[in-house]
Amino acid sequence: MAQTYHTTVGSRRYRFSGLAELMAKATPPRSGDRLAGVMAESAEERVVAQMVLAELPLTTFLNDALIPYEQDEITRLIIDDHDAEAFAPLKHLTVGDFRNWLLSDHATREALAAARPGITPEMAAAVSKLMRNQDLMLVAKKCHVTTAFRNTIGLPGRLSTRLQPNHPTDDVTGIAASILDGLLYGSGDAVIGINPATDNVAQSIKLMRLMDDVIQKYEIPTQSCVLTHVTNTLEAIEQGASVDLVFQSIGGTEATNRSFGFDLSTLAEAEAAAQTLNRGTVGRNVMYFETGQGSSLSADAHHGLDQQTCEARAYAVARKFNPLLVNTVVGFIGPEYLYDGKEITRAGLEDHFCGKLLGVPMGCDVCYTNHANADQNDMDNLLTLLGVAGCNFVMGIPGSDDIMLNYQTTSFHDALYARRVLGLKAAPEFEQWLAKMQIFQDVSTHRLNDQLPAAFANSLRHLPKGSD
C-alpha cells in the first residue's frame, strides 16, 4: 500500500494519498495540472503540501518510486544509475534542509558538481517546489555544465544561441538567407539547427548538406543539426550523411517516449553511431534533446504525476547520453499546459534549475503560442532572468517569429540584447571567429560591423544572375 502523508493545520486535517499527490499539490499553479486534475484545490492546500514536502527525507525518493520500477524504464534508469557515494553527504537531509543547503555558501560550484550523481530528478523537482524564482536563479547560477563539439558551450559568462533558420517549404535560399542574417548578429554558436517542414530522410540529408557546406566554406566553429526523428538520423548516418548532432524530443516516462517512437536503446544506438563519425574537433558531445512541460500529459502518459515532475524525469534520460545541448521549449505546447506569461516564466526557471542541478547542459526556447495569454514583454523578462541564472543557450530566429512552426520565440537581436545588457559572450571559439570575420567591430561590446564582412560580400557577388 502506498505511503500516505498528512498533517493538521488549526482544526483541519489534510491527507495526501501518496507521494505523487503530495508532489502535485505542492506545485505552483499551472493550467496543465488543473487539466490533469492533480492541482491543489486552494492556495492553502498548496502551502500545506509544501510544508509536508519540506519535512520529507530525501531518502523517500529512493524508496517510494513515483512510477513502479517494473513498469517504467525511466524509473529503472534513475534507480540503477543512482550514486550512493555522491548522495551520502545529503542523505540525512529533508527536502527543506536540501533547499537551505543549496542556497547556502556551503553549496559551492565544486560541491554541487560532486553531488549531481546522487541527486534524482524527483529530489530536484521536490526542492524546486519550495523555491521562489530568485532561489531557482541563484542555485542554477552556481551550477556550471560545460560541453563541447566544435566549440565549448556553458562556460561562465557566456550565452550561446541556436540559429534556427526554419522555412515553411524548406526553401534552400530562404534558409541560407536566415543563416546569414543570424551569423551577422553573432548567433549560431550553440548550433545551426533546422526543423524540417518535410520530415523524411532524403530531405534531412539535403538540409544537413546545406549547413555543412556553409560551416565548411566559412570555417565556422559550430555544429549543425536537423531536428528530425532519431531513427531518420540513424538512417542518414548509414547513408553517409554529414551528421554532427543527433536530435530527439524526450519525455520523463517510458510511455511518453514510446509515443514519440523510441526508447532508451534507440538513443544508445544513435549516440554510438554518431560517435563513429568523429566530426567534433574540441569535444565529443553528440546529442541534442528538447523537452517541455506538458508533453507527458498531452500523450496521456503522465501516470498521475504533475507535469513539472515529469519534466524533471526527462533530464535523467538526457544526462544518460552526455548531450551537447538540452533545451526546454517552455511555452510551445500551449496555454492548456502553461496558461500565461507568469506560468511560462516560472516553468522556464524551474526547468533550467532542475536541469543544471542534475548536470544537464540546459538551455531554453523562451517562447509562447499565439493563443496563450502572453506577449513578447513576458519573453523579454524570462530571457533576462535566464541570462542572469546562467542559461547555456537560447534561440535565435528571424524577427522572433518562426514562420514554419508558427510560434513566437527570441530573435537574433534579442540574444544580442541579452549579451549586451548582461555582459555575456559567445562561446570562445565562435567569438574568435566573429572577430576574424569582422562581423563585430568589437567583440567585447558586441558592436556590429556597419558593413557586410568581406567573405560574405564576395560570396553574394558570385551568386548567379537572377538569384533572389
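Since the model is a prediction, treat every value here as computed from it, not as a measurement.
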Visitor: For Phe87, is the CZ atom crowded, meaning more than 12 foreign heavy atoms sit under 6.0 Å from it?
Guide: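 Counting neighbours around CZ of Phe87, more than 12 heavy atoms of other residues, nucleotides or ligands fall under 6.0 Å, so yes.
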
Visitor: Could you give the distance from CG (Asp189) to CZ (Arg158), rounded to the nearest 0.5 Å?
Guide: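 One gets 9.5 Å once the value is rounded to the nearest 0.5 Å.
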
Visitor: Mind checking the CD1-CZ spacing from Ile215 to Arg279? Nearest 0.5 Å is all I need.
Guide: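 Between atom CD1 of Ile215 and atom CZ of Arg279 there are 8.0 Å.
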
Visitor: Looking at CE of Met395 and CG of Asn327, how far apart are the two atoms once the value is rounded to the nearest 0.5 Å?
Guide: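 With rounding to 0.5 Å, CE (Met395) is 4.0 Å from CG (Asn327).
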
Visitor: Gln275 side chain to Arg284 main-chain N or O, any donor-acceptor pair under 3.5 Å?
Guide: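 Checking the backbone N and O of Arg284 against the side chain of Gln275, a donor-acceptor pair under 3.5 Å is found.
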
Visitor: Roughly how far apart are His303 NE2 and Ser296 OG, rounded to 0.5 Å?
Guide: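 The distance works out to 8.0 Å.
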
Visitor: Between Leu102 and Leu357, is there a side-chain heavy-atom distance shorter than 4.5 Å?
Guide: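 Yes; the side chains approach each other to less than 4.5 Å.
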
Visitor: After noting the C-alpha distance and the side-chain angles of Asp244 and Arg150, does the key distance pass the salt bridge (Lys or Arg N to Asp or Glu O under 4.0 Å) rule?
Guide: CA-CA 9 Å; Asp244 287 344; Arg150 291 201 188 98; 2.8 Å; yes

Visitor: Do Tyr417 and Thr384 get their side chains close enough for a donor-acceptor pair, meaning under 3.5 Å?
Guide: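 Per modelled atom types, Tyr417 and Thr384 side chains form a pair under 3.5 Å.
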
Visitor: Near Tyr185 OH, under 6.0 Å, is it more than 12 heavy atoms from other residues, nucleotides or ligands?
Guide: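 No, because the 6.0 Å sphere around OH of Tyr185 holds 12 heavy atoms or fewer from other groups.
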
Visitor: Among Lys129, Lys356, Arg30, which residue satisfies the salt bridge (Lys or Arg N to Asp or Glu O under 4.0 Å) criterion with Glu350?
Guide: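 That would be Arg30; it is the only one of Lys129, Lys356, Arg30 passing the salt bridge (Lys or Arg N to Asp or Glu O under 4.0 Å) with Glu350.
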
Visitor: Hey, which of Asp72, Thr253, Thr120 is the one that makes side chain to side chain donor-acceptor pair (under 3.5 Å) with Arg313?
Guide: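 The side chain to side chain donor-acceptor pair (under 3.5 Å) with Arg313 is passed solely by Asp72 among Asp72, Thr253, Thr120.
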
Visitor: Is it true that a side-chain atom of Asn166 and a backbone atom of Asn195 form a donor plus acceptor pair closer than 3.5 Å?
Guide: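 It does hold such a pair.
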
Visitor: Nearest 0.5 Å, what's the CG-OG1 distance between Asn278 and Thr276?
Guide: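 Going from the CG atom of Asn278 to the OG1 atom of Thr276 covers 7.0 Å.
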
Visitor: I'd like to know if the side chain of Gln223 and the backbone of Ile192 have a donor-acceptor N/O pair within less than 3.5 Å.
Guide: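 No, Gln223 side chain to Ile192 backbone: no donor-acceptor pair under 3.5 Å.
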
Visitor: How long is the gap from CZ on Arg209 to CG on Asp212, to the nearest 0.5 Å?
Guide: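 Atom-to-atom, Arg209:CZ and Asp212:CG are 9.5 Å apart.
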
